[in-house]
Visitor: 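Just passing along the structure, written as structure tokens.
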Amino acid sequence: QVQLVESGGGLVQAGDSLRLSCVASGSTLSDYTMGWFRQAPGKEREFVAANIWTGGSTYYADSVKGRFTISRDNAKNTVSLQMNSLKSEDTAVYYCAAQDRLVYGSRYYDSENKYVYWGQGTQVTVSS
């Protein structure tokens, strides 16, 4: 069982930066693909970024590529999302999630239904 807790959200202006953190407890993250998803008001939850393992592949949604960076620190059991050049359309609740890499490998990094553990979410609001 993995418990995930996100932090770092807030209200910022367009063009600003934010860094979201997700701290895990209950298990080491080294066996998990870690992902970030977001859900804007009135929209479905969507994939943002994923990191397969430390030093391994990372993937991004086209809408955030070049602006967001996902990273993890297995020693601290933490995964982060650095968000730069924020836009109003980035406004959403951001969720951290863990997917069993030993079961799914690296193929389903953007598949929401393959992620087993989820955090409670942190609100990011970008004003234009």
Side-chain angles (χ1 to χ4, degrees):
Q1 190 80 6
V2 179
Q3 293 80 43
L4 303 173
V5 178
E6 304 98 333
S7 63
L11 172 63
V12 297
Q13 294 187 335
D16 286 351
S17 298
L18 271 179
R19 186 177 181 85
L20 305 183
S21 293
C22 173
V23 179
S25 60
S27 180
T28 178
L29 291 182
S30 58
D31 291 335
Y32 293 90
T33 290
M34 297 304 298
W36 286 95
F37 290 76
R38 67 186 182 186
Q39 187 168 21
K43 295 187 177 181
E44 294 186 351
R45 190 154 54 185
E46 63 176 2
F47 167 76
V48 175
N51 172 265
I52 307 303
W53 62 75
T54 303
S57 299
T58 57
Y59 300 91
Y60 299 94
D62 288 343
S63 59
V64 306
K65 201 170 294 183
R67 299 188 298 122
F68 290 12
T69 302
I70 186 172
S71 61
R72 74 160 78 191
D73 184 336
N74 282 341
K76 296 181 179 179
N77 241 22
T78 300
V79 61
S80 300
L81 185 69
Q82 178 66 41
M83 306 186 295
N84 298 330
S85 303
L86 283 162
K87 306 176 181 179
S88 57
E89 51 263 45
D90 295 319
T91 294
V93 178
Y94 283 72
Y95 298 90
C96 170
Q99 179 186 112
D100 193 328
R101 179 171 56 81
L102 302 180
V103 173
Y104 295 110
S106 60
R107 295 177 59 187
Y108 301 102
Y109 60 87
D110 58 352
S111 298
E112 180 181 346
N113 61 0
K114 297 295 192 292
Y115 283 83
V116 179
Y117 303 109
W118 292 83
Q120 83 289 348
T122 185
Q123 176 71 46
V124 172
T125 303
V126 184
S127 63
S128 56

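The structure displayed is predicted, hence computed values, not measured ones.
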Visitor: Nearest 0.5 Å, what's the CG-CD distance between Asp110 and Glu46?
Guide: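 It is 11.5 Å, given to the nearest 0.5 Å.
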Visitor: Is any side-chain heavy atom of Tyr60 less than 4.5 Å from a side-chain heavy atom of Thr69?
Guide: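 Sidechains of Thr69 and Tyr60: in contact.
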Visitor: Between CD1 of Ile52 and CZ of Arg107, what distance do you get to the nearest 0.5 Å?
Guide: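 Rounded to the nearest 0.5 Å, the CD1-CZ separation comes to 12.5 Å.
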Visitor: Rounded at 0.5 Å granularity, tell me how far CG in Leu102 sits from CG in Asp31.
Guide: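 The CG atom of Asp31 is 4.5 Å from CG of Leu102, to the nearest 0.5 Å.
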Visitor: With a 4.5 Å cut-off on side-chain heavy-atom distances among I, L, V, M, F, W and Y, is there a chain of contacts connecting Tyr94 to Leu18?
Guide: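 Same cluster.
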Visitor: What are the two closest heavy atoms between Thr122 and Gly8, and how far apart are they?
Guide: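 Smallest interatomic distance, heavy atoms only, reads OG1-N, 4.3 Å.
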Visitor: Would you check if Gln123 and Thr91 make a side-chain contact, meaning some heavy-atom pair closer than 4.5 Å?
Guide: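 Answer yes - side chains close enough.
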Visitor: Do Val103 and Lys114 come within less than 4.5 Å of each other through their side chains, counting heavy atoms only?
Guide: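 Sidechains of Lys114 and Val103: no contact.
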Visitor: Can you name the nearest heavy-atom pair linking Arg72 to Leu29, along with the distance?
Guide: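 What the structure gives for the nearest pair is NH1-O, 2.8 Å.
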Visitor: Quick one: pull up CE in Met34 and OG in Ser71 and give me the separation to the nearest 0.5 Å.
Guide: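 Result: 11.5 Å between the selected atoms.
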Visitor: If we only count heavy atoms from C-beta on, is the Trp36 to Glu6 side-chain gap below 4.5 Å?
Guide: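 Yes - at least one pair of side-chain heavy atoms lies under 4.5 Å apart.
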Visitor: Just verifying a value: how many Å separate Arg101 CZ and Ser30 OG, rounded to the nearest 0.5 Å?
Guide: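 Going from the CZ atom of Arg101 to the OG atom of Ser30 covers 7.5 Å.
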Visitor: May I ask you to check whether Phe37 and Tyr115 place their ring centers less than 6.0 Å from one another?
Guide: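 Centroid separation for Phe37 and Tyr115: below 6.0 Å.
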Visitor: Quick one: are Thr33 and Tyr108 in side-chain contact, heavy atoms under 4.5 Å?
Guide: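 SC-SC contact between Thr33 and Tyr108 ruled out.
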Visitor: Run the side-chain contact (heavy atoms from CB on, under 4.5 Å) test on Asn77 and Thr28 for me, step by step, so that the C-alpha distance in whole Å, both residues' side-chain angles and the decisive distance to 0.1 Å come before the verdict.
Guide: CA-CA 6 Å; Asn77 241 22; Thr28 178; 3.9 Å; yes
Visitor: Can you see which heavy atom on Val5 is nearest to which on Gln120, and at what distance?
Guide: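 Between these two residues, the closest heavy atoms are CA-OE1, 3.7 Å.
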Visitor: With side-chain contact (heavy atoms from CB on, under 4.5 Å) as the criterion, how do Arg67 and Lys87 come out once you've worked through the C-alpha distance, each side chain's angles and the decisive distance to 0.1 Å?
Guide: CA-CA 10 Å; Arg67 299 188 298 122; Lys87 306 176 181 179; 3.8 Å; yes
Visitor: Any non-hydrogen side-chain atom of Val2 less than 4.5 Å from a side-chain atom of Tyr32?
Guide: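 Heavy-atom side-chain distance check passes, below 4.5 Å.
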Visitor: Report the relative orientation of the aromatic rings in Tyr59 and Tyr109; use parallel for angles under 30°, tilted for 30 to 60°, perpendicular for over 60°.
Guide: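 Parallel, since the angle between the ring planes stays under 30°.
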Visitor: How far apart are the closest heavy atoms of Leu4 and Ala98, and which atoms are they?
Guide: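 Minimum heavy-atom contact is CD1-N, 3.9 Å.
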Visitor: Can you tell whether the side chains of Lys65 and Asp62 come within less than 4.0 Å, N to carboxylate O?
Guide: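 Yes, this pair counts.
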Visitor: Considering only heavy atoms from C-beta outward, does the side chain of Arg38 approach that of Leu81 to under 4.5 Å?
Guide: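 They are not in side-chain contact.
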Visitor: Determine whether Met83 and Val48 satisfy the following criterion, side-chain contact (heavy atoms from CB on, under 4.5 Å), listing intermediate values before the conclusion.
Guide: CA-CA 11 Å; Met83 306 186 295; Val48 175; over 6 Å; no
Visitor: Could I get the full list of side chain to side chain contact (heavy atoms under 4.5 Å, CB included) partners for Lys43, not counting sequence neighbours?
Guide: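 Ala40.
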Visitor: Is the shortest side-chain heavy-atom distance between Cys96 and Trp118 below 4.5 Å?
Guide: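 Contact flag for Cys96/Trp118 side chains = no.
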Visitor: Show your reasoning for whether side-chain contact (heavy atoms from CB on, under 4.5 Å) applies to Ile70 and Val79.
Guide: CA-CA 7 Å; Ile70 186 172; Val79 61; 3.9 Å; yes
Visitor: Just by distance, with hydrogens left out, do Asn84 and Ser17 show a side-chain donor and acceptor under 3.5 Å apart?
Guide: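 Yes, side-chain donor-acceptor contact under 3.5 Å.
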Visitor: So, taking the atom named CD in Gln82 and the one named CG in Leu20, what distance separates them when rounded to the nearest 0.5 Å?
Guide: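 One gets 9.0 Å once the value is rounded to the nearest 0.5 Å.
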Visitor: Just by modelled atom types, is the Val93 backbone N or O under 3.5 Å from a matching donor or acceptor in the Arg45 side chain?
Guide: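 Side chain of Arg45 to backbone of Val93: no pair is present.
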